[in-house]
Amino acid sequence: TAARQAMRVMGWQFVLGETIESALSRASSMEGKGYRHSYDMLGEGARTAADAEKYFAAYAHAIERIGKAATGTLPNRAGISVKLSALHPRYEAVNHAAVMRELTPRLLDLARRAKAHDLSFTVDAEEADRLELSLDVFAAVLADPSLAGWDGFGLAVQAYQKRAIEVIDWIGRLAEAHDRKLMVRLVKGAYWDTEIKRAQERGLADYPLFTRKAATDLSYLACARRLLQLRPLIYPQFAGHNAFSLAQVREMARENWTSADPGFEFQKLHGMGDALHRTLVEEDGYPCRIYAPVGGHRDLLAYLVRRLLENGANSSFVAKVGDTGVPVAALIVPPEVELGHGAKPRHGRIPLPCALYGAARKNSAGLEFGWSHERDALLSAIAEHRGTTYEAAPILDGKGRPGTARPVISPVDGRTVVGTVTEATPTQATEAIDRAAAAFPAWDRTPIEVRAAALEATADALEANRERLMALLAAEAGKTLPDGLAEVREAADFCRYYAAEVREHFGEGRILTGPTGEENRFVLRGRGVFVCISPWNFPLAIFLGQVAAALVAGNAVVAKPAEQTPLVAAFAVTLLHAAGIPKGVLQFVPGDGAIGAVLTGDARVGGVAFTGSTEVARIINRTLAAKDGPIVPLIAETGGINAMVVDATALPEQVADDVVMSAFRSAGQRCSALRLLFVQEDVAERMSEMIAGAASTLRLGDPHLAVTDVGPVIDLEAKDKLDAHVAAARSAKRVIWEGAVPGGDFAGGTWVAPTIIRLDRPESLDREVFGPVLHVVTWKAEKLDEVIAAIRATGYGLTLGIHSRIDATIRRIIERLPVGNVYVNRNMIGAVVGVQPFGGSGLSGTGPKAGGPDYLARFALEQTVSTNTAAAGGNASLIAMGDE
Ligand code: FAD
Ligand code: NAD
């Protein structure tokens, strides 16, 4: 009851009304006193086509009501603000063509309605990666002749963006070109924290926005000056609650302006900055517009959290004013002076994304698909590399006889030849072990710095060949560009992480504490020949991760890639060799399971690193156990029946994003992918609708294109298995939603449509279904423990997702399930090396986790060297210690 009451109080404070009607009636008391309103429909962005229609209808309805009210009690220039993300479920830069085709007419339609009532109509500013797209949409709508003669159209510009000034200049040119007056709302920007996180996650070269508050404040002033200069072509709207920023704008506005009408207005949010804006309106006579959120309780949370942050964050002006500990003088330090204090343009505690991991290692470089210059450069490089063919063959040293080459056919269309592979014969596999065994001792004695440097050079080479690798991953494994990029980054991260780890833990070793007169040194060194066997689903990152760890720990390696993806593995091997790994030390042995069996069965093998299915891991385990001689380590990373638990407190939009991403991206062919979704019964219908609606927006098709979300499954065998599984569910009438597969040029590819299957009992899913198939079960609120028991009963323990806002629920689930990687209120794929060490328990693997702090040690032999330092006759260092 108390929480509900608190929500109501905060809702009343920060939200004008639950409906546009109630908001209008509340607003009317403020009108005519120098205030006007711009109404904003609260809500998360659209995730489904139905959402987008709903938001469109809500905006259209609001425009009608505001328009009607305007002719009655409100002055003419009441207005509305729209979020483009509400009008299209895939308002993303990579989706440029569809957004221009589908969203632009919707915005134009709303703009015409606003024009008909002579309202003001502003496009809100959203995330930085959508900036260019938003400008394209804006320009297209503006150009429409039906809007001629109307000066109520405008958009918001965020001063925290480094591009803000350029955006304003661009708007000025646009207004001039169309000979139309435009409104520009200048804000500092509402997504600063999210943007910083996103840039770090994406490994961007730099932040698209300022990292020091004073820089944003200064940018705000610079933008304000430019906007004021553009009067009357531009009608500036200075939004904010920072008294100092607005006072500076007010002073600036007076320069060179003689007209009685100031030609601009101030803006504030409903419930914020009342006293400040009262002064501006009542004492100075400036017009002020109140941005008035409208929405029901369900849509409040995100907005209220933003307001609480603004009122509480100690970088915020409002919070500083409220804090009696902050002297007034500290509130009015001009930003250029403040910036000078730090002497650094960038925040001292916000490292560049590439420097996220400090001195130990570089973060892998990513790119922003939202920026046209980066995206266009990538796409043209991909197009250039497309069609290049590759070869994979065992290293023969001129001895063995080459086998027969077979073509590697792309799963994308079932036709394109990506290259040729010559698989190793069993004899060649054995010879590879001979050569590796011969090369091992020298490699084990090679200084760790040399080994670490070779991995770092490999990481650099991976990044230098990024586009080529992404094109190859798309062709050979059907990987989409974001998946390909993520994979190249992961491979580079593995190399740099293991290089950093080996420096820290290997080499001279550790001196252990013990009695005086003796030195006890604990060292890690190579075990011998390691066999590394990898799956096709991460043909670069997993292949290279295993190999890099084994090598840098001092082992010689015989690497066998999956038979479906030898080409990308062969390419990785050439990079490793070129980076300084001796040819003998790394042997490449393409081949199928039979070749894998030859390798693991060899008596000389010092250890096996395997990633793949649980069944094959068992076979390898038995093979190793059946050998006489030393018992060697097996590091096995295997499959999972990965579950996500969603309770009634979860945010449906976030759940939809994360479920669709976790279950269907990468065509569900990640070992971490979501297979079994448990949704609390009370919210199941709405959640399922939203998930299916969001999944319907996925585009299957050519993975070489940025617009594609989902590629094919790896081969016909995988497709047949998945098709049979879905067919069985279909005949049992359990399929609740099914997507469509591409035809035309791609008809010959191995496609499986994303599918959602309803289950009555979770036990019905008794094996890993490795593709874009999601199984959904509902659960009753009081039966959480049964859900936990069902997940435990699968016997697997790889990944687990939890969506809940109740800490006790989250804790309860985590405590009771020994799952390797748990993801709370986020998607459950894409573990980052060194940040989210990856690997499961139970049927999902032996550990230690790949990309984790204990991984390298498992590849090493431990040695303790105890030296009697007093053997020469005395303990010199003890005697030299003297008296204290
Ligand atoms: P201040 O306290 O002076 O500034 C806070 C702002 O500084 C933060 O919001 C952030 O942008 C910036 N900041 C904080 N820390 C740092 C740092 N370390 N480095 C760099 N910058 C930092 N926002 C949108 O994004 N889109 C919109 O369409 C939008 N519409 C708005 C409409 C109105 C009428 C108003 C009043 C605000 C709107 N906002 C919008 C929100 C706005 O961007 C600000 O978040 C909010 O107004 C706080 O800014 P301030 O100048 O009032 O306060
Ligand atoms: P798979 O087990 O069929 O094959 C994996 C590798 O083992 C291939 O290189 C294959 O040639 C080889 N192999 C097959 N039989 C062998 C034998 N008898 N002896 C030695 N080697 C043999 O798996 P896959 O289809 O390539 O990959 C998909 C599986 O991998 C899924 O189960 C997935 O969950 C799992 N996987 C797990 C992780 C993880 O980190 N836990 C990561 C990726 C994939």
Side-chain angles (χ1 to χ4, degrees), residues 38 40 81 83 122-127 155-160 185-193 196 207 209-217 219-220 237-246 266-270 272-273 276 289-292 306 309-310 313 315-321 347 350 531 533-539 542-543 560-565 591-601 608 610-617 619-620 623 636-640 642 669-673 714 717-718 768 770 796 798-799 820 831 838-840 844-845 849-850:
S38 184
D40 159 50
S81 295
K83 283 197 171 42
T122 305
V123 176
D124 280 347
E126 299 184 67
E127 294 87 349
L155 77 171
V157 174
Q158 297 156 325
Y160 64 24
R185 176 201 301 153
L186 181 64
V187 299
K188 285 185 188 159
Y191 308 90
W192 184 79
D193 46 346
I196 297 289
Y207 295 100
L209 27 79
F210 298 108
T211 52
R212 288 189 62 191
K213 167 78 164 66
T216 295
D217 290 347
S219 166
Y220 189 88
Q237 302 169 308
F238 299 109
H241 314 120
N242 182 324
F244 189 48
S245 298
L246 296 192
F266 287 108
Q267 294 197 344
K268 71 182 220 55
L269 298 178
H270 168 74
M272 300 279 301
L276 166 65
R289 186 182 301 276
I290 303 172
Y291 185 97
R306 291 269 135 217
L309 279 177
E310 193 178 338
S315 64
S316 150
F317 183 86
V318 171
K320 279 188 188 160
V321 170
H347 197 288
I350 304 176
V531 169
I533 298 180
S534 48
W536 49 265
N537 70 335
F538 285 90
I542 291 183
F543 174 80
K560 192 202 84 62
E563 51 273 40
Q564 295 89 340
T565 51
D592 61 8
I595 290 298
V598 171
L599 295 174
T600 52
V608 176
F610 169 81
T611 308
S613 60
T614 309
E615 296 74 31
V616 172
I619 296 173
I620 296 176
T623 306
E637 303 286 338
T638 54
N642 308 311
Q669 300 177 109
R670 287 177 182 252
C671 46
S672 52
I714 190 67
E717 193 186 326
E768 184 184 38
F770 208 68
Y796 289 94
L798 193 53
T799 63
F838 189 78
S844 298
K849 283 169 175 291

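Just follow the structure's listing: the first ligand is 1, and inside any ligand the first atom is 1. Residues: numbered from 1 along the sequence shown. These numbers come from a predicted model, not from an experiment.
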Non-hydrogen atom of Ser315 closer than 4.0 Å to ligand 1: yes
Val318 N/O to ligand 1 N/O under 3.5 Å: no
Side-chain (Arg306) to main-chain (Ala190) donor-acceptor, under 3.5 angstrom: yes
Residue-ligand contact Ala597/ligand 2, heavy atom below 4.0 Å: yes
Min N/O separation Tyr160 to ligand 1 under 3.5 Å: no
Heavy-atom proximity to atom 51 (O) of ligand 1, best of Gln267, Lys188, Met272, Glu126: Lys188
Side chain, backbone, both or neither: Glu768 near ligand 2, heavy atoms under 4.0 Å: side chain
Min heavy-atom dist Pro561 to ligand 2 below 4.0 Å: yes
Flag for Arg670-Thr799: side-chain donor and acceptor within less than 3.5 Å: no
Asn242-ligand 1 polar pair, N/O distance under 3.5 Å: yes
Closest candidate by heavy atom, reference atom 6 (C) of ligand 2, pool Ala562, Ser534, Gly596, Gly612: Ser534
Atom 27 (O) of ligand 2 [closest protein heavy-atom partner, distance rounded to 0.1 Å]: Pro535 CB, 3.3 Å
Atom 52 (O) of ligand 1 [closest protein heavy-atom partner, distance rounded to 0.1 Å]: His241 N, 2.6 Å
Close approach, Gly845 and ligand 2, non-hydrogen under 4.0 angstrom: no
Heavy-atom nearest neighbour of atom 8 (C) of ligand 1 within options Gly189, Ala313, Ala156, Gly240: Gly189
Protein contact to atom 41 (C) of ligand 1 [nearest heavy atom, distance to 0.1 Å]: Ala190 CB, 4.1 Å
Donor-acceptor contact below 3.5 Å, side chain Lys849 vs main chain Gly820: yes
Mode of Thr638 contact toward ligand 2 - side chain, backbone, both, neither (heavy atoms, under 4.0 Å): backbone
Under 3.5 Å: N/O of Thr614 near N/O of ligand 2: no
Nearest option to atom 7 (O) of ligand 2, as decided by whichever heavy atom of Tyr796, Phe770, Phe543, Phe610 sits closest: Phe610
Selected option - heavy-atom contact closest to atom 36 (C) of ligand 1, from Leu269, Val187, Thr122: Leu269
Residue, atom name and distance, where the atom is the protein heavy atom closest to atom 32 (C) of ligand 1: Arg185 CD, 3.5 Å
Selected option - heavy-atom contact closest to atom 27 (C) of ligand 1, from Ser316, Ala239, Ala292, Ala125: Ala125
Any N or O of Lys560 closer than 3.5 Å to N or O of ligand 2: yes
Within reach of ligand 2, part of Ile595 (heavy-atom separation under 4.0 Å): neither
Cys671 versus Phe838, closest heavy-atom pair with distance: SG-CE2, 3.8 Å
Flag: protein heavy atom within less than 4.0 Å of atom 4 (O) of ligand 2: no
